[in-house]
Novice: 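One structure, pasted below without further comment.
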Amino acid sequence: MLKLYNSLTRKKETFRPLGDVVGIYTCGPSVYQYSHIGNFRTFAFEDVLVRYIRWKGYSVKRVMNLTDVEDKAIATAKKYGKMLGDLTEFYSKVFFEDMDTLGLMHADVFSKATEHIPEIIEIIKRNMDKGYAYCGKDGSVYYDVSKFKGWGKLSHLTLKAGKRKIKRDEWGEDSGILSDFALWKSYEKKDGNVFWETELGKGRPGWHIECSAMSTKHLGTRFDIHVGGVDNIYPHHESVIAQNFGAFGNNPSKYWLHCRHLMVEGKKMSKSAGNFFTLRDLLGKGYDPMAIKYLLLSQSYRKRLNFTFEGLEDAGRKIKNIQSTIEKLKNANGSDDAEKIALKFKKKFERVMDDNLNSGEGLRLLEELVEKVRYMNLNKRSSEKILEILLSLNSIFGLRFQ
RNA sequence: GCCAAGGUGGCGGAGCGGCUACGCAAUCGCCUGCAGAGCGAUUCCAUUCCGGUUCGAAUCCGGACCUUGGCUCCA
């Protein structure tokens, strides 16, 4: 029985889907730059989640958003004198290529914020109608956090009421609480040609509304799992819940799963520390994408993963080890019978994966199986069976072996 | 300050009350003309500290100290 750690309750809960098709929504990348390996840790985890749930026999509809309009994207486009759409299209393509490189399956739906403006407007209007949103002096629309009693439940933060210097674009000028946030941002000159003329006025969507609009459109007002990095918990997911509550009266997702961050040499990855790697940086240094993926999955997603080059080399050796064992199994023609070993491993494997998708333990078991079987003189029948199970288990990780 | 995660051998990392993983590194040896730089062996008296529970604790309870992360850029 699969158990998932739900950030909402801070507990592992037995996974019980709402309906026949498991709806999974993932906060995808902002497409104005190359994604780094930290991003891909989350996406690799999410990929395993989907594969595993399918492996267990469920149908899954998987939606991932591509954020293609927001402050930094606009600023980046402006800086390079490009159209926002050209910039985001380029980086979307890059993202898809990177996913392919890592052997991550594509979502059933990749939704773009700019293609859901009508849905965004609709949700904002609902929030306004029900008194959860108000129009600020600047013409933007803000969410009134004080109206939502469930505010803070996901992040488990207690938010103090109080005044604080308000940055336009982020906080409602009339806010009595620190956390009111923009649903719709009225047009400013710096937005250039990025705007929509709507019944809410000329402007663009706020930071959080797209996920409410797109998840609702593609998965309904209530679906199974919402995935993202831990940094999304607050304020992003907290705001998404608030918006959906304002519009539809409920929390959109039953389970909220958050992947912890990737550390580099023991420290948080950041641009200022210079320990920032994109996937392409690592490929450029000659590393095998499957070694990178192995490393990203080598630890439970609920634990911080320390990325080191030593670890990466180690992962590379492990990949080769599995690779050569697969070759051996294909050519086995000995006398040892060992079918039972593989069946035993399959059971163990399912147990560790059921425990909140511990891909690290799962990989370790795969390694153990390989080690055990490697120097046996297997007969054809056993080796075929073992290979079948090995490949079946690996299909959850999607590691490619030549 | 608040909310979390965690402190295990040179390093990474299991263990979830008794049988002290495993991997890497290191040392020594062997093999390297049909797959694979492989195989075997050895070394390192490891569990942050202080109490408690227990016949017995890395493992449970209490406390201390420390590290890391989050607290409106971020996956």
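Lettering follows sequence order; numbering is per chain, from 1.
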Novice: Rounding to an integer number of angstrom, what distance separates B:A14 and B:G23 when you compare their P atoms?
Specialist: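 Approximately 15 Å lies between the P atom of B:A14 and that of B:G23.
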Novice: Would you indicate whether A:K380, at its atom NZ, is surrounded by more than 12 heavy atoms from other residues, nucleotides or ligands within a distance under 6.0 Å?
Specialist: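 No, NZ of A:K380 has 12 or fewer neighbouring heavy atoms, counting only those of other groups under 6.0 Å.
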Novice: Listing request: all side-chain hydrogen bond (donor to acceptor under 3.5 Å, both in side chains) pairs with a residue in residues 77-93 of chain A, at least two apart in sequence or in separate chains.
Specialist: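 For residues 77-93 of chain A, and leaving out neighbouring residues, there are no side-chain hydrogen bond (donor to acceptor under 3.5 Å, both in side chains) pairs at all.
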Novice: Compare the minimum distances between each of B:A75, B:C24, B:C73 and the side chain of A:E310, then state the nucleotide with the smallest one.
Specialist: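 So the side chain of A:E310 is nearest to B:C24.
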Novice: In chain order, what residues pass the side-chain hydrogen bond (donor to acceptor under 3.5 Å, both in side chains) check against A:E313, with sequence neighbours excluded?
Specialist: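 So A:E313 forms a side-chain hydrogen bond (donor to acceptor under 3.5 Å, both in side chains) with A:Y287.
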Novice: What is the distance, to the nearest angstrom, from the CD atom on A:E367 to the P atom on B:G23?
Specialist: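 Those two atoms, CD and P, are 10 Å apart.
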Novice: Given Watson-Crick or G-U pairs with both distances under 3.5 Å, what dot-bracket string fits RNA chain B, with | for other-strand pairs and [ ] for crossing?
Specialist: ((((((((.[[[..)..(...]]].(((((.......))))).....[[[[[..)....]]]]])))))))....
Novice: To the nearest 0.5 Å, what is the distance between CG (A:D191) and NZ (A:K185)?
Specialist: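 One gets 8.5 Å once the value is rounded to the nearest 0.5 Å.
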Novice: With a 4.0 Å cutoff (strictly under), does any side-chain N or O of A:K153 reach OP1 or OP2 of B:C3?
Specialist: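 Answer no for this pair, as no side-chain N or O of A:K153 is under 4.0 Å from OP1 or OP2.
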Novice: Suppose you measure atom C1' in B:A26 against the same atom in B:C19; what distance do you get, rounded to whole Å?
Specialist: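 So the two C1' atoms sit 28 Å from each other.
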Novice: Return the value, rounded to whole Å, for the distance between atom CD of A:E368 and atom P of B:G13.
Specialist: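 Answer to the nearest Å: 18 Å.
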Novice: By side-chain contact (heavy atoms from CB on, under 4.5 Å), which residues pair with A:E13, not counting sequence neighbours?
Specialist: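 Residues passing side-chain contact (heavy atoms from CB on, under 4.5 Å) with A:E13: A:N6, A:T9, A:Y255.
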Novice: On RNA chain B, compare the nucleotides closest to A:K303 and A:E70; which residue's is nearer the 5' end?
Specialist: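 Checking each residue's closest nucleotide, the 5'-ward one belongs to A:K303.
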Novice: Mind checking A:G228 for me? I need base, sugar-phosphate or nothing, with any heavy atom below 4.0 Å counting as a touch.
Specialist: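 Sugar-phosphate contact only - A:G228 comes under 4.0 Å of backbone atoms but never of a base.
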Novice: Grab the NZ-P distance between A:K318 and B:G13 for me, whole Å please.
Specialist: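 Value for this atom pair: 11 Å.
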Novice: State which residues pass ring-ring contact (aromatic ring centres under 6.0 Å, His included) with A:F245; sequence neighbours excluded, sorted by chain then number.
Specialist: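 Per chain and number, A:F245 pairs via ring-ring contact (aromatic ring centres under 6.0 Å, His included) with A:F148.
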Novice: Using the P atoms only, state how far B:G9 lies from B:G1, rounded to an integer number of Å.
Specialist: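 The same atom, P, in both gives a distance of 28 Å.
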Novice: Pick base, sugar-phosphate or nothing for A:H258, based on heavy-atom distances below 4.0 Å to the nucleic acid.
Specialist: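 The residue A:H258 makes no contact with any strand.
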Novice: State which residues pass ring-ring contact (aromatic ring centres under 6.0 Å, His included) with A:Y5; sequence neighbours excluded, sorted by chain then number.
Specialist: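 None.
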Novice: Residues two or more places apart in sequence or in another chain: which of them pass ring-ring contact (aromatic ring centres under 6.0 Å, His included) with A:H106?
Specialist: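 Testing A:H106 for ring-ring contact (aromatic ring centres under 6.0 Å, His included), a comparison that skips the adjacent residues, returns A:F96, A:F110.
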Novice: Measure CG/A:L305 against C1'/B:A75 and give the value in whole Å, please.
Specialist: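 About 13 Å, once rounded to whole Å.
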Novice: Check nucleotides 37-40 of chain B for protein N or O atoms closer than 3.5 Å to its own N or O atoms and list the pairs.
Specialist:
from  : atom 1 : to     : atom 2 : distance (Å)
B:G38 : O3'    : A:Y375 : OH     : 3.0
B:C39 : OP1    : A:Y375 : OH     : 3.0

Novice: Side chain of A:Q299 only, heavy atoms from C-beta on: which candidate in B:A14, B:A75, B:G23 is closest?
Specialist: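 Of the candidates, B:A14 comes closest.
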Novice: If you count every heavy atom of other residues, nucleotides or ligands that lies below 6.0 Å from A:K153 atom NZ, does the total exceed 12?
Specialist: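 No, NZ of A:K153 has 12 or fewer neighbouring heavy atoms, counting only those of other groups under 6.0 Å.
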Novice: How far, in whole Å, is B:C24 from B:G38 if one measures between their P atoms?
Specialist: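 One P to the other, the span is 9 Å.
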Novice: Nearest-Å distance, CG (A:L365) to C1' (B:A21)?
Specialist: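 Whole-Å distance recorded here is 12 Å.
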Novice: Any side-chain N or O of A:R317 below 4.0 angstrom from OP1/OP2 of B:C24?
Specialist: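 No.
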Novice: Roughly how many Å apart are B:G12 and B:G17, using the P atom of each and rounding to a whole number?
Specialist: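 Nearest-Å result for B:G17 against B:G12 at atom P: 26 Å.
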Novice: Take a 6.0 Å sphere around CE of A:M105 and say whether it holds more than 12 heavy atoms from other residues, nucleotides or ligands.
Specialist: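 Correct, the count exceeds 12.
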Novice: When the C1' atoms of B:G13 and B:U47 are compared, how many Å lie between them, rounded to an integer?
Specialist: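 Approximately 13 Å lies between the C1' atom of B:U47 and that of B:G13.
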Novice: The criterion is side-chain hydrogen bond (donor to acceptor under 3.5 Å, both in side chains); which residues satisfy it with A:D281, sequence neighbours excluded?
Specialist: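 Partners of A:D281 by the side-chain hydrogen bond (donor to acceptor under 3.5 Å, both in side chains) criterion, ordered by chain and then number, come out as A:T278.
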Novice: Just to verify, what does A:R280 make a side-chain hydrogen bond (donor to acceptor under 3.5 Å, both in side chains) with, not counting sequence neighbours?
Specialist: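 Once residues adjacent in sequence are excluded, the partners of A:R280 under the side-chain hydrogen bond (donor to acceptor under 3.5 Å, both in side chains) criterion are A:E97, A:D98.
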Novice: For the pair made of CG in A:N232 and P in B:C73, what is the distance, rounded to whole Å?
Specialist: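 In whole Å, B:C73 P and A:N232 CG are 12 Å from each other.
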Novice: Which part of the nucleic acid, if any, lies within reach of A:L262 when heavy atoms closer than 4.0 Å are counted: base, sugar-phosphate only, or nothing?
Specialist: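 Base contact.
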Novice: Starting at atom CD1 of A:I319, determine the distance to atom C1' of B:C24, rounded to an integer number of angstrom.
Specialist: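 Those two atoms, CD1 and C1', are 16 Å apart.
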Novice: Answer yes if the side chains of A:T216 and A:T221 hold a donor-acceptor pair under 3.5 Å, and no otherwise.
Specialist: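 Looking only at side-chain atoms, A:T221 and A:T216 do not form any donor-acceptor pair under 3.5 Å.
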Novice: Please list each protein N or O that sits under 3.5 Å from an N or O in nucleotides 66-70 of chain B, with the distance.
Specialist:
from  : atom 1 : to     : atom 2 : distance (Å)
B:U68 : O2     : A:R304 : NH2    : 2.8
B:G69 : O4'    : A:R304 : NH1    : 3.2
B:G70 : OP1    : A:K268 : NZ     : 2.5

Novice: I'd like the C1' distance from B:A58 over to B:U48, given in whole Å.
Specialist: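 The answer is 12 Å between these two C1' atoms.
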Novice: Between B:G13, B:C73, B:A35, which one does the side chain of A:R364 approach most closely?
Specialist: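 Comparing B:G13, B:C73, B:A35 against the side chain of A:R364, the answer is B:G13.
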Novice: Describe the nucleic acid contact of A:R302 in one word from base, sugar-phosphate, nothing, applying a heavy-atom distance below 4.0 Å.
Specialist: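 Nothing: the residue A:R302, judged by heavy atoms under 4.0 Å, touches no strand.
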Novice: Which whole-number value in Å describes the distance from A:I326 CD1 to B:A35 C1'?
Specialist: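 Those two atoms, CD1 and C1', are 15 Å apart.
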Novice: Roughly how many Å apart are B:G36 and B:U42, using the P atom of each and rounding to a whole number?
Specialist: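 Pairwise P distance, B:U42 against B:G36, rounds to 28 Å.
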Novice: A:R364: what forms a side-chain hydrogen bond (donor to acceptor under 3.5 Å, both in side chains) with it, not counting sequence neighbours?
Specialist: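 For A:R364, the residues satisfying side-chain hydrogen bond (donor to acceptor under 3.5 Å, both in side chains) (neighbours in sequence not counted) are A:E361.
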